[in-house]
Number of protein chains: 2
Amino acid sequence: MARRSDHSRDEIREMSLQAAEQLIIAQGYKALSARKVASEIGYTVGTLYLVFKNQDEFILHINSRTLDELYQSMQTVIDDHQDAHACVLALCRNYYDFAAANANRWLLIFEHALPEDNGVPDWYQQRIRGGFEMLEKLLQSLVATHKPQQIGTAARVLWGSVHGITMLAITRKLDVVGIESVYELIDSLVENYLAGLTR
Amino acid sequence: MARRSDHSRDEIREMSLQAAEQLIIAQGYKALSARKVASEIGYTVGTLYLVFKNQDEFILHINSRTLDELYQSMQTVIDDHQDAHACVLALCRNYYDFAAANANRWLLIFEHALPEDNGVPDWYQQRIRGGFEMLEKLLQSLVATHKPQQIGTAARVLWGSVHGITMLAITRKLDVVGIESVYELIDSLVENYLAGLTR
DNA sequence: ACCTGAACACCGTTCAAGT
DNA sequence: ACCTGAACACCGTTCAAGT
């Protein structure tokens, strides 16, 4: 042992991330541990710290991959819709669909408290901003008369609202069961909020 | 040692909960541990398990106290407002105010994953339902023409939405700074959603 | 009856030592 | 240079043994 060089650094990173994702999907984020991941990929714990700075950075990368998948699904929704109004509604429903289909990984994104004061890394913030801009562009064409600043507000309101409904629904804190009733909430939010905005 | 009987079971419970709250307020929920709480109150770890079933149940009680404080603040808001519309708006702002003022304890309520399948205990569910009913009653007088089922939907939408905006704002994921801009989001949500509802 | 303290099975993280 | 494995300082939870 020692100096195996069976895998490159990048291969070890990739294997670790995949092993971690399997653990999280199967047993939730609390089941994630460096030791389990290491044993899963056939290395020792120390090796993980050669490749990731610490658990925080490790989780940040896991979340980054989840966010990438979410944005890909958003892109698909956008490509599938001509009408901006229908597209916003579909995007919001898609947010819930994605979260429900990938509950444990999606929850990790929000359960992972960010490293105190230094805030989120740039490349992470970038990914969040990407989704925002999709939404802003759509809203712009829906409520064309409004000032840009109001579009920003509207995008944040919608994003935050759909997020909250999704979060509470998935953690069963809304007294809601089944996909239909969550859709009902999301539809009510989008239709009435947009109606109010363009009133 | 052994058989001290310095404190009753209830006193130990109360001391433990207070020590835990101090820990969480000062250092966040991750700093909470049975050993720290025990040493803080001058007992050993084992004693805590005499008084609480396990950490899950312990956290449930901490959260229950936080929720009680939240509902008290909601009650105060309701008592202070005659106009139903202004009251709904004030309640939503109050939700954010409370969360911001008690960030670490408030976050624990939602970061604590519930014990798998058996769901939330009854007395816990009851407290959530209490807040819901306040909101439903107010909405009823605002949109009197709607069916009861639609009131329930509207209450869930508002609750979930304000929760999401608050959550993302507090964890700094909304690109929003300062209390004024969060109020701006909450106001936009409430005014436009209600306008859409009564359209 | 009440509480201890040691034990068990885990953690994240570091780093001297091996090849 | 790469990886190990043991160490350190923690966890939650249990339970025989003391008073």
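Here is how names work: the chains are called A, B, and so on, in the same order as the sequence lines, proteins then strands, and each is numbered from 1.
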Review point. Touch check for B/Ser33, heavy atoms < 4.0 angstrom, all strands: base, sugar-phosphate only, or nothing?
Key: sugar-phosphate
Protein-nucleotide distance ([X], atom [atom1]; [N], atom [atom2]), rounded to Å:
| X | N | atom1 | atom2 | result |
| --- | --- | --- | --- | --- |
| B/Tyr49 | C/dT4 | OH | C1' | 15 Å |
| A/Lys30 | C/dC10 | NZ | P | 18 Å |
| B/Tyr29 | D/dG12 | OH | P | 14 Å |
| B/Tyr43 | C/dT4 | OH | P | 7 Å |
| B/Phe58 | D/dT13 | CZ | P | 11 Å |
| B/Phe52 | D/dT14 | CZ | P | 15 Å |
| A/Leu48 | C/dC11 | CG | C1' | 14 Å |
| A/Leu50 | C/dG12 | CG | P | 17 Å |

What's the closest nucleotide to the [X] side chain, out of [options]?
| X | options | value |
| --- | --- | --- |
| A/Arg35 | D/dA7, C/dC2, D/dC3 | D/dA7 |
| A/Thr44 | C/dC2, D/dT4, D/dT13 | D/dT4 |
| B/Arg4 | C/dT4, D/dC2, D/dA7 | C/dT4 |
| B/Asn54 | C/dC3, D/dT13, C/dT13 | D/dT13 |

**Study point:** Heavy-atom pair with the smallest gap, counting every atom of A/Tyr193 and B/Ser188
**Key:** OH-OG, 2.6 Å
Point to revise | For D/dG12, the Watson-Crick or wobble partner whose two distances fall under 3.5 Å | key: C/dC8
Review point. With both distances under 3.5 Å as the test, what is the Watson-Crick or G-U wobble partner of D/dT19?
Key: C/dA1
Check your understanding: Considering only heavy atoms, which members of residues 10-25 of chain B lie under 4.0 Å from some atom of DNA chain C?
Key -> none
Check your understanding: Hey, does the side chain of B/Thr47 come within less than 4.0 Å of C/dT4's phosphate (OP1/OP2), counting only N and O?
Key -> yes
Check your understanding: Does A/Ser16 reach the main-chain N or O of A/Ile12 with its side chain, forming a donor-acceptor pair under 3.5 Å?
Key -> yes
Study note, to complete from the structure: Judged by nearest nucleotide, the residue sitting upstream toward the 5' end of DNA chain C, A/Ala34 or B/Arg9, is B/Arg9
Practice item. Using heavy atoms to find the nearest nucleotide of DNA chain C for A/Gly46 and B/Gly46 separately, return the residue whose nucleotide is more 5′. Key: B/Gly46
Point to revise | Spatial distance of atom CG (B/Leu67) from atom CD1 (B/Ile62) [nearest 0.5 Å] | key: 12.0 Å
**Study point:** Gap separating the CG atom of B/Asn102 from the CG atom of B/Leu70, nearest 0.5 angstrom
**Key:** 9.0 Å
**Study point:** Atom C1', compared across C/dC10 and D/dC8: separation rounded to whole Å
**Key:** 15 Å
Practice item. Run the salt-bridge test on A/Arg65 and A/Glu14 with the 4.0 Å N-O cut-off and return the result as yes or no. Key: yes
Practice item. Would you confirm whether the ring centroid of A/Phe98 sits within less than 6.0 angstrom of the ring centroid of A/Trp106? Key: no
Check your understanding: Can you tell which of A/Phe110, A/Tyr96, A/Phe132 makes a ring pair (Phe, Tyr, Trp, His ring centres under 6.0 Å) with A/His163?
Key -> A/Phe110
Check your understanding: Would one find more than 12 heavy atoms of other residues, nucleotides or ligands at under 6.0 Å from atom CZ of A/Arg129?
Key -> no
